[in-house]
Amino acid sequence: MLAVARRASFRRAAIDLGMSTTALSHVVARIEAELGVRLFNRTTRSVALTDAGRVFVDRIGPSLQDVREAIEIVRERRATPTGTLRINAPPFGARSPAFAELLLEYSRRYPDMHVDLVTEGQLRDIVAEGFDLGVRVASLVPSDMIALSLGEPQRFAVVASPTYLAERSRPLVPTDLLAHSCIRIRLPDGSLYRWHFQKGADTAQVEVNGLMTFDDLPLSRAAVRANRGIGFFFEQDVIIDIEEGALVRLLEDWTPPFPGLCLYYPGRRHPSAGLSAFLSLAREMAKRH
């Protein structure tokens, strides 16, 4: 019930709950039949709470949260953490070597824990969406959350193919990009990303031009490799192309390392044993990095 309200979709809620959409729909239908009132307005395109449904969710939500906290407190007394750990991360964050290493080591140490990782471009309210923790660039972590660095700096990379550069002069400063065809980046909110640069105390933001705009990493990378223009990526996503000579790095002195990804989570009084173990392992591995 709460999962459907939170996700505004029977399909997405069913995935979160690990059951079929049909089974979940039948459960909700039985609740509505028992109460004698419709809780959701359903169309082929959307699901929304009715007024009665909103009152129902508002009243039972806190009670169920108390039940969840009680369960978590009891689970803390187990010698081995068990249950599900839900994590929300942007795609580039999920590809971070440090984060991938953390997930694999956590799974090895705590085989009774199920990790449910959701990767998406949009910035989510992890509390409202039912996640235990999230992953974001440090500067984007909400002020009311506790942040824990993964201990791995990030870096951007500006790249082009050797063929593209064979017929054009290389950009030496960020504003030189305005004379080039660039693969533009569309952000989850629909706006175009302005490429950020820094060299010492000097900073620059360039609104590049180009014939292609993507919100998909593989397409952007393929376009750059196909000589269609200059691209702007996280270093980790194109480092192999650079090492193999398929792409050439540009403006390297304008792309210094910056504070990398953080785990973040709400300051609960009683975090679950699984979350506590994950955070402890993250601190341990961050020291190594």
Side-chain angles (χ1 to χ4, degrees), residues 6 16 65 68-157 187-189 196 198 217 233-237 239 255-289:
R6 183 177 67 246
D16 290 346
Q65 181 61 32
R68 281 195 291 265
E69 289 182 359
I71 292 173
E72 289 175 355
I73 292 171
V74 172
R75 280 178 174 166
E76 285 180 1
R77 300 181 181 274
R78 290 177 55 100
T80 303
T82 185
T84 298
L85 188 71
R86 298 193 70 232
I87 306 172
N88 183 272
F92 72 85
R95 293 191 298 269
S96 163
F99 183 61
E101 182 184 356
L102 172 60
L103 288 182
L104 295 175
E105 178 62 17
Y106 181 76
S107 180
R108 186 189 71 78
R109 291 194 189 185
Y110 305 103
D112 292 334
M113 285 298 302
H114 173 77
V115 177
D116 182 3
L117 173 64
V118 176
T119 58
E120 53 190 345
Q122 295 183 349
L123 299 177
R124 296 291 187 182
D125 181 336
I126 61 170
V127 175
E129 297 283 351
F131 291 98
D132 294 290
L133 69 157
V135 179
R136 286 189 189 176
V137 174
S139 61
L140 295 178
V141 174
S143 59
D144 60 343
M145 294 285 169
I146 299 174
L148 174 62
S149 172
L150 285 172
E152 182 184 49
Q154 296 287 307
R155 194 176 184 189
F156 291 123
L187 297 173
D189 64 4
H196 291 247
Q198 181 176 352
L217 168 67
F233 302 93
F234 279 101
E235 181 183 61
Q236 67 200 32
D237 292 325
I239 192 65
T255 54
F258 60 90
L261 294 167
C262 284
L263 301 175
Y264 68 99
Y265 57 98
R268 296 172 179 165
R269 272 195 327 171
H270 301 290
S272 67
L275 176 57
S276 295
F278 190 85
L279 296 174
S280 177
L281 179 60
R283 293 186 184 96
E284 174 189 325
M285 297 183 70
K287 290 180 181 178
R288 296 183 207 164
H289 287 287

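Along the sequence shown, the residues carry numbers beginning at 1.
Smallest separation of non-hydrogen atoms from Cys262 and Ser149: SG-CA, 3.9 Å. Leu85 and Leu275 get closest at one heavy-atom pair: CD1-CA, 3.9 Å. Closest heavy-atom contact between Pro266 and Ile126: CD-CD1, 4.1 Å. Residues Asp237 and Phe92 come closest through the heavy atom pair OD2-CB, 4.4 Å. Closest non-hydrogen pair, Ser96 versus Gln154, comes out as OG-NE2, 4.3 Å. Across all their heavy atoms, Pro91 and Glu120 have their closest contact at CD-O, 3.5 Å.
Just one of Leu279, Val141, Leu133 meets the side chain to side chain contact (heavy atoms under 4.5 Å, CB included) condition when paired with Leu148; it is Leu279.
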Item to check | Steps toward ring pair (Phe, Tyr, Trp, His ring centres under 6.0 Å) verdict (Phe278, Tyr110) | outcome: CA-CA 9 Å; Phe278 190 85; Tyr110 305 103; 9.4 Å; no
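A side-chain donor-acceptor contact under 3.5 Å links Asp132 to the backbone of Arg86. Proximity of a side-chain donor or acceptor of Arg124 to a complementary backbone N or O of Gly134 within less than 3.5 Å is not detected.
One finds the CG atom of Leu263 at 9.5 Å from the CZ atom of Arg283 (value rounded to the nearest 0.5 Å). Taking CZ of Phe258 as the start and CZ of Arg155 as the end, the distance is 10.5 Å to the nearest 0.5 Å. Rounded to the nearest 0.5 Å, atoms OH (Tyr264) and CG (Asn88) are 6.0 Å apart. Distance CD1/Ile87 to CG/Leu102: 7.5 Å, rounded to 0.5 Å.
With sequence neighbours excluded, the residues forming a ring pair (Phe, Tyr, Trp, His ring centres under 6.0 Å) with His196 are Tyr193, listed by chain and number. Considering only residues two or more places apart in sequence or on other chains, Phe99 meets the ring pair (Phe, Tyr, Trp, His ring centres under 6.0 Å) condition with none of them. By the ring pair (Phe, Tyr, Trp, His ring centres under 6.0 Å) test, Phe233 is found to be paired with no residue, residues two or more places apart in sequence or in another chain being considered.
Contact check for Arg95 versus Thr119: no side-chain heavy atoms found under the 4.5 Å cut-off. Side-chain contact check for Pro90 versus Val135: some heavy-atom pair is nearer than 4.5 Å. Between Glu105 and Leu281 the shortest side-chain heavy-atom distance falls below 4.5 Å. Residues Pro142 and Arg136 have side chains in contact (heavy-atom distance under 4.5 Å, counting atoms from C-beta outward).
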